[in-house]
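Written out below as structure tokens is the structure these notes cover.
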Amino acid sequence: MQTIARDKDAMGSAIADFQKTGKAGTLRVLSSMFDEDQIPVGYLFRTLGEMPPLEQKAMAMAQGKILDVGAGAGCHALALQEQGKEVKAIDISELSCEAMQERGVKLVQCIDFFDPRLAERFDTILLLMNGTGIAGKLSRLPELLKRTKELLNPGGQVLLDSSDLKYLYENEDGTFDINPLDAYYGEVDYQMVYRKVKGEPFDWLYVDPKTLQLVAEANGMNCELVAEGEHYDYLARLSVK
Ligand code: SAH
């Protein structure tokens, strides 16, 4: 994937605006599968106290040398730094990386998580705000997990959150309109638009905890469900067997 060209970086542009002016326009999220949605840009700047409980739990569990993957505006990296923890933030958005630097994140690198030039090892790898998203498709989840294994110190952990999207397919009688022969129901596509900046469409994977556990096991990792949120979301902790 490499990095995102600035003129195609809708979320990065929104983050840059909010960082400079304290406000931003509408960050629109289009999908071929859902109605148009929006991301409140201020949410990407949330403080520890404003984070959902699952993220607060991840902040408390993160230890040692920490890697924040897809760090966005750097909210988690900043919260961890304030706790005196050592954290490196990476993102493929140059605009987001610049905003993180301006906000005081000490270690920032604009690099794709899958780029082999990222070769340090970490004790905790954070994949937050649907961290499985960057796998894109379920078929690429093993590659994401293998990549975390390469970058973990012995005894290290991956903390990730995701959601079980089955609720989108729930019928009135409580059954689910999901055909196992169709593409996995957590595979979605998005395209972000901010003012005149239109991003490229991209695949984004949500994964249910059971499937995550199966894929983790098959790839030599333990996966424990740490906590469940209020809306089919959960925090998982993975470690190498
Ligand atoms: N973790 C932040 C932002 C989540 S949005 C938060 O919770 O607020 C997802 C972020 O992941 C975006 O900033 C996007 O640019 C970044 N991203 C997507 N694919 C990536 C990849 N392969 N490597 C690194 N960052 C990636």
Side-chain angles (χ1 to χ4, degrees), residues 1-6 8-19 24 27-29 37-48 50-59 62 66-80 87-101 103 105 107-120 122 124-137 140-141 143-148 150-151 158-163 188-192 194 197 199-206 229 233 235:
M1 144 123 0
Q2 304 303 328
T3 55
I4 314 180
R6 299 169 92 91
K8 295 266 182 196
D9 188 357
M11 186 188 266
S13 304
I15 286 175
D17 268 4
F18 195 92
Q19 164 63 11
L27 179 56
R28 297 162 61 204
V29 182
D37 204 354
Q38 296 181 3
I39 296 179
V41 181
Y43 183 73
L44 300 169
F45 288 72
R46 60 204 179 278
T47 61
L48 182 62
E50 291 163 349
M51 287 174 195
L54 291 183
E55 291 183 1
Q56 291 182 356
K57 180 102 192 159
M59 295 298 92
I66 303 162
L67 179 68
D68 184 3
V69 180
C75 57
H76 300 110
L78 283 172
L80 293 165
V87 55
K88 173 170 185 166
I90 64 164
D91 204 289
I92 50 174
S93 158
E94 276 177 33
L95 289 166
S96 299
C97 287
E98 285 166 16
M100 282 196 269
Q101 273 161 341
R103 297 186 74 208
V105 179
L107 295 170
V108 179
Q109 190 177 5
C110 187
I111 194 167
D112 186 329
F113 180 59
F114 293 96
D115 188 325
R117 285 173 293 182
L118 179 68
E120 299 159 63
F122 301 88
T124 300
I125 296 178
L126 292 175
L127 290 157
L128 296 177
M129 199 171 165
N130 189 45
T132 57
I134 66 172
K137 296 274 184 192
R140 240 188 126 212
L141 186 56
E143 203 183 315
L144 175 63
L145 299 188
K146 281 184 196 143
R147 183 65 179 137
T148 65
E150 280 173 13
L151 296 181
V158 178
L159 299 172
L160 75 79
D161 65 358
S162 191
S163 303
V188 305
D189 63 80
Y190 287 137
Q191 180 173 30
M192 307 240 200
Y194 179 74
V197 183
E200 299 287 353
F202 60 93
D203 296 322
W204 197 244
L205 174 72
Y206 292 85
D233 50 334
L235 176 69

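Indexing begins at 1, ligand by ligand and atom by atom, following the structure's order.
Within the model, atoms CD1 of I90 and CG of D112 stand 7.5 Å from one another, a figure rounded to the nearest 0.5 Å. Here the CD1 atom belonging to I39 is positioned 8.0 Å from the OH atom belonging to Y190, to the nearest 0.5 angstrom. Note that NZ of K8 and CD of Q191 are 8.5 Å apart. Values are rounded to the nearest 0.5 Å. Interatomic distance, CD1 of I125 versus CD1 of I66, reported as 11.5 Å (0.5 Å rounding). Distance check, rounded to the nearest 0.5 Å: CG of L95 to OG of S13 gives 5.0 Å.
Looking at W204 next to ligand 1, no N or O pair under 3.5 Å apart turns up. Considering backbone and side-chain N/O atoms, I90 never comes within less than 3.5 Å of an N/O atom of ligand 1.
Annotation for ligand 1: atoms under 4.0 Å from non-hydrogen atoms of L128 are 1 (N), 7 (O). Counting the atoms of ligand 1 from 1 in the order shown, those under 4.0 Å from a heavy atom of L44 are 8 (O). Which parts of ligand 1 touch A71 is read off a 4.0 Å heavy-atom cut-off, strictly below it: atoms 2 (C). Atoms of ligand 1 lying under 4.0 Å from any heavy atom of H76, numbered from 1 in the order shown and given with element: 6 (C), 7 (O).
Contact between E55 and ligand 1 is absent, with no heavy atom of the residue lying under 4.0 Å from the ligand. Every heavy atom of S96 sits 4.0 Å or more from the atoms of ligand 1.
When D91, D68, I15 are ranked by how near their heavy atoms come to atom 15 (O) of ligand 1, first place goes to D91.
Contacts with ligand 1 closer than 4.0 Å are made by side-chain heavy atoms of I134 only, the backbone lying farther away.
S96 and D91 share no donor-acceptor pair across their side chains, judged by distance under 3.5 Å alone.
Between E98 and R103, every side-chain heavy-atom pair lies at or beyond the 4.5 Å cut-off.
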